[in-house]
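Here is the naming used below: chain letters follow the sequence lines, and residue numbers restart at 1 for every chain. As the structure is a computational prediction, the values presented were derived from the model and not from experiment.
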2 protein chains.
Amino acid sequence: MSGQARTERRPTRQRAAIAEALADATEFRSAQEIHADLASAGDRVGLATVYRNLQAMATDGEVDVIRTADGESVYRACATEDHHHHVVCRGCGLAVEVTADAVERWAETVAASHGFTQVRHTVEVDGLCRRCSSGSS
Amino acid sequence: MSGQARTERRPTRQRAAIAEALADATEFRSAQEIHADLASAGDRVGLATVYRNLQAMATDGEVDVIRTADGESVYRACATEDHHHHVVCRGCGLAVEVTADAVERWAETVAASHGFTQVRHTVEVDGLCRRCSSGSS
DNA sequence: CGCTTCATGACAATCATTCTCAAATGAAAT
DNA sequence: ATTTCATTTGAGAATGATTGTCATGAAGCG
């Protein structure tokens with residue numbers, strides 16, 4: 001059920017560096033950020049390369065992608081390979097992974113009831129985490 | 001909870017034209033598309049103006065906004081002012097409005113259980129409508 | 001080692017969206 | 001109707017993320 005369509009890709013220093021940078025992060029990071037992180041760590045990796053790898057990794061299901069409010073794509077190494085969603089803090093970026101079978105079923109059902117097939121869905125929840133809830137304006 | 005924060009805005013020819021163009025459409029349209037529609041209809045409206053109004057209308061809850069897969073913002077005049085979600089056809093763009101109290105509650109609950117407050121959520125479902133399902137590969 | 005193929009990197013090119021600011025317009029006062 | 005003043009508009013520049021191009025470099029293999 002978790003068929004990794006992992007395209008045969010060649011391991012490179014850059015790819016490893018990107019994967020590691022992502023593994024270190026606890027929140028979602030944009031391609032630009034990853035690129036900057038690597039640069040400041042002395043790791044020279046082309047921006048285009050970061051984009052390409054991040055996308056490839058996302059396609060292979062190695063990492064998760066979501067869109068920020070302003071349309072930027074941000075990536076994160078997910079703890080599980082299984083399908084899940086996130087609750088992201090608007091304040092600090094903290095991202096919690098959650099599963100939602102109920103929602104999956106609902107999406108499938110409601111879509112089917114309108115005659116839709118090959119259903120996919122996007123569910124993202126955001127708010128303020130406990131910490132950020134306290135000192136917010 | 002459904003307070004219309006309708007900012008006091010001045011009615012203009014442009015705004016009306018945009019609203020109408022949106023009302024005529026049955027699917028989600030991008031600012032660029034609206035702009036093109038108006039132009040080809042002989043309605044001269046600046047692109048920036050289209051963007052500004054669309055955003056204002058979205059903020060006021062007059063129209064709905066969602067992001068396409070490639071990050072473009074698309075708008076639609078919603079039939080209801082109440083909170084709802086969409087099932088969009090990847091083939092023809094057909095958009096069906098659906099409500100999902102169960103999902104709303106789930107989002108709130110799951111977020112709260114992780115200490116989050118001021119929860120918001122995004123839920124979009126897409127697939128192939130009955131018509132597009134038939135002739136697909 | 002030499003070859004073939006895929007990945008990389010520097011930078012140009014896209015493209016949606018936003019910004020700038022002078023000119024036009026709506027609303028209300030005179 | 002005319003003045004007045006805040007908003008809104010529009011044309012085009014500016015921004016910024018993402019993608020494309022293509023010569024160079026590294027990986028896998030015999």
Side-chain angles (χ1 to χ4, degrees), chain A residues 5-22 25 27-60 62-76 93 124, chain B residues 5-22 25 27-60 62-76 93 124:
Chain A
R6 179 142 317 166
T7 309
E8 192 55 50
R9 276 179 295 124
R10 192 177 288 176
T12 65
R13 174 183 68 76
Q14 292 83 341
R15 158 175 294 283
I18 294 171
E20 188 170 344
L22 217 39
E27 0 68 37
F28 282 89
R29 320 228 58 183
S30 69
Q32 305 272 357
E33 290 174 328
I34 296 284
H35 178 254
D37 289 349
L38 292 174
S40 70
D43 240 322
R44 254 186 119 40
V45 179
L47 182 55
T49 302
V50 175
Y51 272 101
R52 276 186 297 241
N53 277 301
L54 245 21
Q55 276 172 193
M57 293 165 92
T59 300
D60 288 354
E62 274 176 60
V63 301
D64 266 16
V65 207
I66 59 179
R67 295 267 187 177
T68 62
D70 48 290
E72 201 178 7
S73 290
V74 286
Y75 306 78
R76 177 164 190 245
E124 293 303 338
Chain B
R6 177 143 314 165
T7 309
E8 191 54 51
R9 275 181 294 125
R10 190 180 289 175
T12 65
R13 173 183 69 74
Q14 292 84 341
R15 159 175 295 283
I18 294 171
E20 188 171 343
L22 218 36
E27 2 65 39
F28 282 89
R29 318 227 59 184
S30 69
Q32 306 272 357
E33 289 174 328
I34 296 284
H35 177 255
D37 290 348
L38 293 174
S40 70
D43 240 323
R44 254 185 119 38
V45 179
L47 181 56
T49 302
V50 175
Y51 272 101
R52 275 187 298 240
N53 278 302
L54 245 21
Q55 276 172 193
M57 295 164 93
T59 300
D60 289 353
E62 275 176 60
V63 302
D64 266 15
V65 208
I66 59 177
R67 296 266 188 175
T68 63
D70 49 291
E72 202 178 9
S73 291
V74 286
Y75 306 78
R76 178 168 191 241
E124 294 304 338

Just by modelled atom types, is the Gly46(B) backbone N or O under 3.5 Å from a matching donor or acceptor in the His35(B) side chain?
no
Can Gln14(B) and Leu38(B) be said to form a side chain to side chain contact (heavy atoms under 4.5 Å, CB included), step by step?
CA-CA 10 Å; Gln14(B) 292 84 341; Leu38(B) 293 174; over 6 Å; no
Which residues in residues 45-54 of chain A have at least one heavy atom lying under 4.0 Å from any atom of DNA chain C?
Val45(A), Gly46(A), Ala48(A), Thr49(A), Arg52(A), Asn53(A)
Find the distance Gln14(A):CD to dC6(C):P and express it as a whole number of Å.
17 Å
Length of the CD-C1' vector between Gln55(A) and dT18(D), whole Å:
8 Å
Using whole Å, what does the distance between atom P of nucleotide dT9(D) and atom NE2 of His35(B) come to?
13 Å
Note the angle between the end axes of the helix from dC1(C)-dG30(D) to dT30(C)-dA1(D), five pairs defining each, rounded to 10 degrees.
30°
Between Ser73(B) and dT17(C), is there a contact of a side-chain N or O with OP1 or OP2 at under 4.0 Å?
yes
Where Val65(A) and Tyr75(A) come nearest, the two heavy atoms and their spacing:
CG1-CE2, 3.6 Å
Could you tell me whether the side chain of Arg67(B) and the main chain of Ala69(A) form a donor-acceptor pair under 3.5 Å?
yes
Would you kindly give the CZ-to-P distance between Arg67(A) and dT17(C), to the nearest whole Å?
11 Å
In terms of the nearest nucleotide of DNA chain C, which residue is placed more toward the 5' end: Ala31(B) or Thr12(B)?
Ala31(B)
With a 4.5 Å heavy-atom cut-off, do Arg76(B) and Ile66(B) have their side chains touching?
no
For atom CZ of Arg44(A) and atom P of dC11(C), their distance in whole Å:
10 Å
Whole Å only: how far is the CD atom of Glu72(B) from the P atom of dA17(D)?
18 Å
From CG of Asp70(B) over to C1' of dC15(C), roughly how many Å is that when rounded to an integer?
11 Å
How many Å lie between CD on Glu8(A) and C1' on dT5(C), as a whole number?
13 Å
What residues, two or more places apart in sequence or in another chain, satisfy side chain to side chain contact (heavy atoms under 4.5 Å, CB included) together with Ala48(A)?
Arg52(A)
The test is side chain to side chain contact (heavy atoms under 4.5 Å, CB included); show your working for Leu22(B) and Glu62(B) and say whether it passes.
CA-CA 11 Å; Leu22(B) 218 36; Glu62(B) 275 176 60; over 6 Å; no
Under a 4.5 Å cut-off applied to non-hydrogen side-chain atoms, are Gln32(A) and Tyr51(A) in contact?
yes
Distance-minimising heavy-atom pair for Val63(A) and Leu54(A)
CG2-O, 4.1 Å
Look at the side chain of Arg10(B) and the base of dT8(D), then say whether one donor and one acceptor between them are separated by less than 3.5 Å.
no
